[in-house]
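In what follows, every chain begins at residue 1, and chains take the letters A, B, ... in the order their sequences are listed.
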Number of protein chains: 2
Amino acid sequence: METRSPQKRRLATHQRLVDAAQDIVTESGFAALRVEDVVARAKVAKGTFFSHFEDKDRLMALLIGREMDQILAQIAQAPPPDRVDDFAPAIAPLLAYMGQNRVVFDIVIRFSGAAAIETTELISVNFMEQVVLFAQWVERLQPNTIRDDVDTTLLAEGIQAFIIQAIALEFCALHNSVNVEDRLAPYLRAWLTAPRSAQ
Amino acid sequence: METRSPQKRRLATHQRLVDAAQDIVTESGFAALRVEDVVARAKVAKGTFFSHFEDKDRLMALLIGREMDQILAQIAQAPPPDRVDDFAPAIAPLLAYMGQNRVVFDIVIRFSGAAAIETTELISVNFMEQVVLFAQWVERLQPNTIRDDVDTTLLAEGIQAFIIQAIALEFCALHNSVNVEDRLAPYLRAWLTAPRSAQ
DNA sequence: GACAAAAAATGACCGTGGTCAATTACAAAA
DNA sequence: TTTTGTAATTGACCACGGTCATTTTTTGTC
């Protein structure tokens, strides 16, 4: 399998496309992102766009993934939560970003586990990094504050499941009075502490 | 607000559109569903389609919702699970249907909580019925087999969160060797039993 | 039955994502 | 420098979802 490294010109074009797209999103939001506008701003033909990105969604996934990486990095370098009830606030910036917009949320869902093998999918990688971080948080508080009867990775993935759940409900007409963070909190409390045995 | 009941003709047209769509889906799957084909088969103009359905997604949501209703009804009339480990198998048919296809899953996600107020959205209603059913299952096994320290509705909604999680991972290249049911099981075990206290 | 008003249906038209055969720019070999 | 194979780009074109002014059908009233 022979793979040549791309020419400088190609890299420059790629950068121009990404920059143009980012500008449009910053100015008018994801919903207003049009391929034709992107190529016009980047001064390239439409076909060029699709030689750089499989489809429009991949470009959006790239922009969203970059942003999520930054947000996650900031979360990771902040002090870790000391109690279960501090988890939701700690995650809040990520929640806010992913739930800002239907379009963004859909892309996140679509690419979150999409192709965990491809390291080119930033969102997918980001989700795996989230799991690692959450698992660290969990281990740090085990076994006193957090249950230790379940694999930490499973606990971390469960947190992700509840994050998605909480954001999805955000778009539900019935629940939009409560904010995402508060909606997430009860799930995490139940999931992570598991106070009393049933049996 | 004056709302006239529709003419017979309109109802007939609606039915023809739905039937045509269902036929196409049955023959070629959701991914192959094209509005132009639907209207051709139903012998109506394109504009008529959009006077009956806000967009193509609503039609798909209708078809999917109908099917999910049938599946859920069958699940509901089967004997309820007696142990936590029987939950995933009991839910399996629903898992299989929602995870059959990317297109289906995306529609389900999009409309699951979409507008819980509108009773016209079958999927949304179906999800609420799922919660009711799961809550019944949970209550039946409390407090011996299932934890009773958490609101049953929250437990039921949590099950939904894990269902989504398990199906989403189904589309992930890394995990597609394990089947959905087996992927769901460990989450449910941890979520519902919560065997030992940490504190 | 003739007429008016409302409901239903029509199809030409548009916007936008995506394709691909043809063209141009580049880099290494001669 | 010229040649030549390949990478990169181009833009006319297509597919398909969705719109809306216009036309046809139905219904209620006299």
Side-chain angles (χ1 to χ4, degrees), chain A residues 1-21 23-25 27-64 101-104 106-107 110-111, chain B residues 1-21 23-25 27-64 101-104 106-107 110-111:
Chain A
M1 187 159 142
E2 183 80 21
T3 311
R4 284 225 165 66
S5 72
Q7 303 176 2
K8 270 186 300 182
R9 183 173 51 141
R10 185 168 178 80
L11 296 177
T13 303
H14 191 90
Q15 193 58 45
R16 286 221 311 288
L17 283 167
V18 173
D19 290 347
D23 286 352
I24 291 172
V25 169
E27 284 171 19
S28 320
F30 277 99
L33 190 65
R34 225 120 286 161
V35 173
E36 304 201 343
D37 294 345
V38 174
V39 297
R41 207 183 261 242
K43 299 264 175 55
V44 295
K46 210 180 197 177
T48 302
F49 181 98
F50 292 99
S51 102
H52 283 261
F53 305 99
E54 204 172 315
D55 52 33
K56 184 185 156 188
D57 286 358
R58 306 296 169 124
L59 169 64
M60 291 205 281
L62 173 67
L63 299 182
I64 292 169
N101 190 309
R102 246 287 158 198
V103 179
V104 172
D106 286 346
I107 293 290
R110 164 155 241 121
F111 290 95
Chain B
M1 186 159 145
E2 183 81 21
T3 311
R4 284 224 165 66
S5 73
Q7 303 174 0
K8 270 186 299 180
R9 181 173 52 143
R10 186 169 178 79
L11 295 178
T13 303
H14 190 90
Q15 193 57 46
R16 285 220 312 287
L17 282 167
V18 173
D19 289 347
D23 287 351
I24 291 171
V25 168
E27 284 171 20
S28 321
F30 276 99
L33 191 65
R34 228 118 281 161
V35 173
E36 304 200 344
D37 294 344
V38 174
V39 297
R41 207 182 260 243
K43 300 264 177 55
V44 296
K46 210 179 198 178
T48 302
F49 181 99
F50 293 98
S51 100
H52 283 261
F53 304 100
E54 206 173 313
D55 52 34
K56 185 187 154 185
D57 286 358
R58 306 296 169 124
L59 170 62
M60 290 204 282
L62 173 67
L63 298 182
I64 293 169
N101 189 308
R102 247 285 156 204
V103 179
V104 172
D106 286 347
I107 294 289
R110 165 156 240 122
F111 290 95

When you compare the side chain of A:Phe30 with that of A:Leu63, does any pair of heavy atoms fall below 4.5 Å?
yes

Return whichever of B:Lys8 or B:Asp57 has its heavy-atom-nearest nucleotide of DNA chain D closer to the 5' end.
B:Asp57

Assert: residue with more 5' nearest nucleotide on DNA chain D, out of B:Arg9 and A:Arg9, is A:Arg9

Side-chain touch A:Asp19/A:Gln15, heavy atoms, less than 4.5 angstrom
yes

Expressed in angstrom and rounded to an integer, what is the separation of A:Gln15 atom CD from D:dA8 atom C1'?
17 Å

Has B:Thr13 got a side-chain N or O lying under 4.0 Å from the OP1 or OP2 atom of C:dA8?
no

Phosphate contact (C:dA9 OP1 or OP2) by B:Arg10 side-chain N/O below 4.0 Å
yes

Flag the pair B:Phe111 / B:Leu62 as yes when at least one side-chain heavy-atom distance between them is below 4.5 Å, and no otherwise.
no

Could you check A:Val38, A:Val35, A:Leu59 and say which one makes a side chain to side chain contact (heavy atoms under 4.5 Å, CB included) with A:Leu17?
A:Val38

How long is the line joining CD1 of A:Ile107 and P of C:dG17, in whole Å?
12 Å

So B:Asp106 and A:Asp106, do their side chains get closer than 4.5 Å, heavy atoms only?
no

Is there a donor-acceptor contact under 3.5 Å from the side chain of B:Asp55 to the main chain of B:Arg58?
yes

Just wondering, do B:Val39 and B:Phe50 contact through their side chains at under 4.5 Å, heavy atoms?
no

In whole angstrom, give the distance that lies between atom CG of A:Leu59 and atom P of C:dT16.
16 Å

Near-strand residues of residues 47-56 of chain B, defined as heavy-atom separation under 4.0 angstrom from DNA chain D:
B:Gly47, B:Phe50, B:Asp55, B:Lys56

Gap separating the CZ atom of B:Arg102 from the CZ atom of A:Arg110, nearest 0.5 angstrom:
5.0 Å

Tell me which residues in residues 27-38 of chain B put a heavy atom below 4.0 Å from DNA chain C, sorted by number, or none.
none

In this structure, how many angstroms lie between the C1' atom of C:dG17 and the NZ atom of A:Lys46, rounded?
6 Å

C:dT16 C1' sits how many Å from A:Ile24 CD1, rounded?
14 Å

Short question: side chain of A:Lys56, backbone of A:Leu33 - any donor-acceptor pair under 3.5 Å?
yes

